[in-house]
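To start, the structure itself, in structure tokens.
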Number of protein chains: 2
Amino acid sequence: MRVTKQRNLILDIVNNSKDHLSAEEIHKESLKSIKNISLGTVYRNLNNLVNENLIKKIKFEEFDRYDQINIKHNHMFCTKCHKIIDIFEDIKISLKNKFGKINDYEINFKGICNDCLEKEKE
Amino acid sequence: MRVTKQRNLILDIVNNSKDHLSAEEIHKESLKSIKNISLGTVYRNLNNLVNENLIKKIKFEEFDRYDQINIKHNHMFCTKCHKIIDIFEDIKISLKNKFGKINDYEINFKGICNDCLEKEKE
DNA sequence: ACTATTATTAGTAATCATTACTAATAAGGA
DNA sequence: TCCTTATTAGTAATGATTACTAATAATAGT
């Protein structure tokens, strides 16, 4: 595995974004630094970074989105505006592990975010 | 919204399956009863049934899968054989609901199922 | 039950996120 | 610095899903 400027850039973009960017958005952003970086390169590197556990893929609705691996956290998907919100609250779950070897879990919430609730009041 | 034999058949197939079928698999199964049911009809009805909360869509890897709405439960995805396993154990989570109006949540586990663990031993 | 309305269907074409392919490029070890 | 080969840019292909259209069938009103 080689270190390339494309790979570093993509990792940087994901790690420095507060949103949960799609591959398309990451490509658009990376074009600002490397004017001819290709969409295929973005997809390939995103997959590599996910496999190496450097970033995380989020599958809610629509297309996939990518998130940094900092503090373990979960997400809420707003069914109105399709925004994904970080939930950093510590949620403890206990489970008798009889299903196999569980390596990871994530809790996905769905609902209506505060912004949309405000708009509904108007 | 009208009751059609196509719609009923699709709902029946999802509700009577122990697996988590894909749209393609549901189409193949429904062809046994309605010899010329189209794939588009299957997709359209699946979406309708999800919107009416009669079935549930599961988004792990690959394509989407569909599951019945019986007892509230969660899923584990085996990263080896790509099987989806039901987890009916009651998992309590507590969360200060300050993110909006949460309507639903699901806990998605990833790991290696017992079948695959057995095979690894050999 | 008959008819009119219109939602739903079968069949097919289009879309669009993602992956595959290929020749050119560049990372990094010798 | 050179050589090997992983990675890239650019583009074509794939494949799940959605859109479109004329034909069909469900249901409300008579």
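All of these numbers come straight from a predicted model, not from anything done at the bench. Per chain, numbering begins at 1; letters A, B, ... match sequence-line order.
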| remark: Angle separating the five-pair end axes of the helix from C/dA1-D/dT30 to C/dA30-D/dT1, nearest 10°, is 50°
| Just by distance, with hydrogens left out, do B/Asn108 and B/Lys110 show a side-chain donor and acceptor under 3.5 Å apart? | no
| query | So, is A/Tyr43 close to the C/dT19 phosphate, meaning a side-chain N or O under 4.0 Å from OP1 or OP2? | reply | no
| request: List the atom of A/Asp86, the atom of B/Phe99, and the distance in Å for their closest heavy-atom pair. | output: O-CE2, 4.2 Å
| Donor-acceptor pair present, B/Arg44 side chain and C/dT9 base, under 3.5 Å | no
| said: I need the NZ-C1' distance between A/Lys35 and D/dT8, as an integer number of Å. | reply: 13 Å
| Mutual orientation of the aromatic rings belonging to B/Tyr105 and A/Phe109 [parallel < 30°, tilted 30-60°, perpendicular > 60°] | tilted
| request: With heavy atoms under 4.0 Å as the rule, sort B/Phe63 into base, sugar-phosphate or nothing. | output: sugar-phosphate
| To the nearest angstrom, how far is A/Asn48 atom CG from C/dT18 atom P? | 15 Å
| message | Please check if the number of heavy atoms outside A/Lys72 that lie under 6.0 Å from its NZ is greater than 12. | response | yes
| field | Contacting residues from residues 8-33 of chain A, given that a heavy atom lies under 4.0 angstrom of DNA chain D | value | none
| said: Nearest whole Å is fine: how far is C/dT9 P from B/Leu46 CG? | reply: 11 Å
| Does A/Arg7 make a side-chain donor-acceptor contact with the base of D/dT7, cut-off 3.5 Å? | no
| Where the side chain of A/Arg2 is concerned, which of C/dA27, D/dT27, D/dA9 is the nearest nucleotide? | C/dA27
| So which of A/Asp67, A/Ile107, A/Ile85 actually passes side-chain contact (heavy atoms from CB on, under 4.5 Å) with A/His75? | A/Asp67
| Is B/Arg7 salt-bridged to B/Glu52, cutoff N-O under 4.0 Å? | yes
| field | Step-by-step side chain to side chain contact (heavy atoms under 4.5 Å, CB included) determination, A/Ile13 to A/Leu9 | value | CA-CA 6 Å; A/Ile13 289 172; A/Leu9 174 61; 4.0 Å; yes
| query | Of the nucleotides C/dT8, C/dA17, C/dA10, which has the atom closest to the B/Gln6 side chain? | reply | C/dA10
| Nearest-angstrom distance from the residue atom NZ of B/Lys5 to P of C/dT9 | 10 Å
| note | When rounded to whole Å, the NZ to P distance for the pair B/Lys59 and D/dA16 reads 13 Å
| query | Starting at CG of B/Asn45 and ending at C1' of C/dT8, how long is that distance when rounded to a whole Å? | reply | 8 Å
| said: Looking only at the side chain of A/Asn47 (C-beta and beyond, no hydrogens), which of the listed nucleotides C/dT19, D/dT8, C/dA10 gets closest? | reply: C/dT19
| Of A/Thr41 and B/Leu39, whose closest DNA chain D nucleotide lies nearer the 5' terminus? | A/Thr41
| query | Hey, is the main chain of B/His27 close enough, under 3.5 Å, to the side chain of B/Ser30 for a donor-acceptor pair? | reply | yes
| request: Mind checking the NE2-CD spacing from B/His73 to B/Glu106? Nearest 0.5 Å is all I need. | output: 10.0 Å
| NE2 of B/His20 to CD1 of B/Ile58: how many Å apart, nearest 0.5 Å? | 4.5 Å
| note | Closest to the side chain of B/Met1, out of D/dT17, C/dT8, C/dA10, is C/dT8
| request: Name the closest nucleotide to the B/Thr4 side chain, picking from D/dA9, D/dT8, C/dT8. | output: C/dT8
| query | Over how many whole Å does the gap from A/Asn36 atom CG to D/dT7 atom C1' extend? | reply | 13 Å
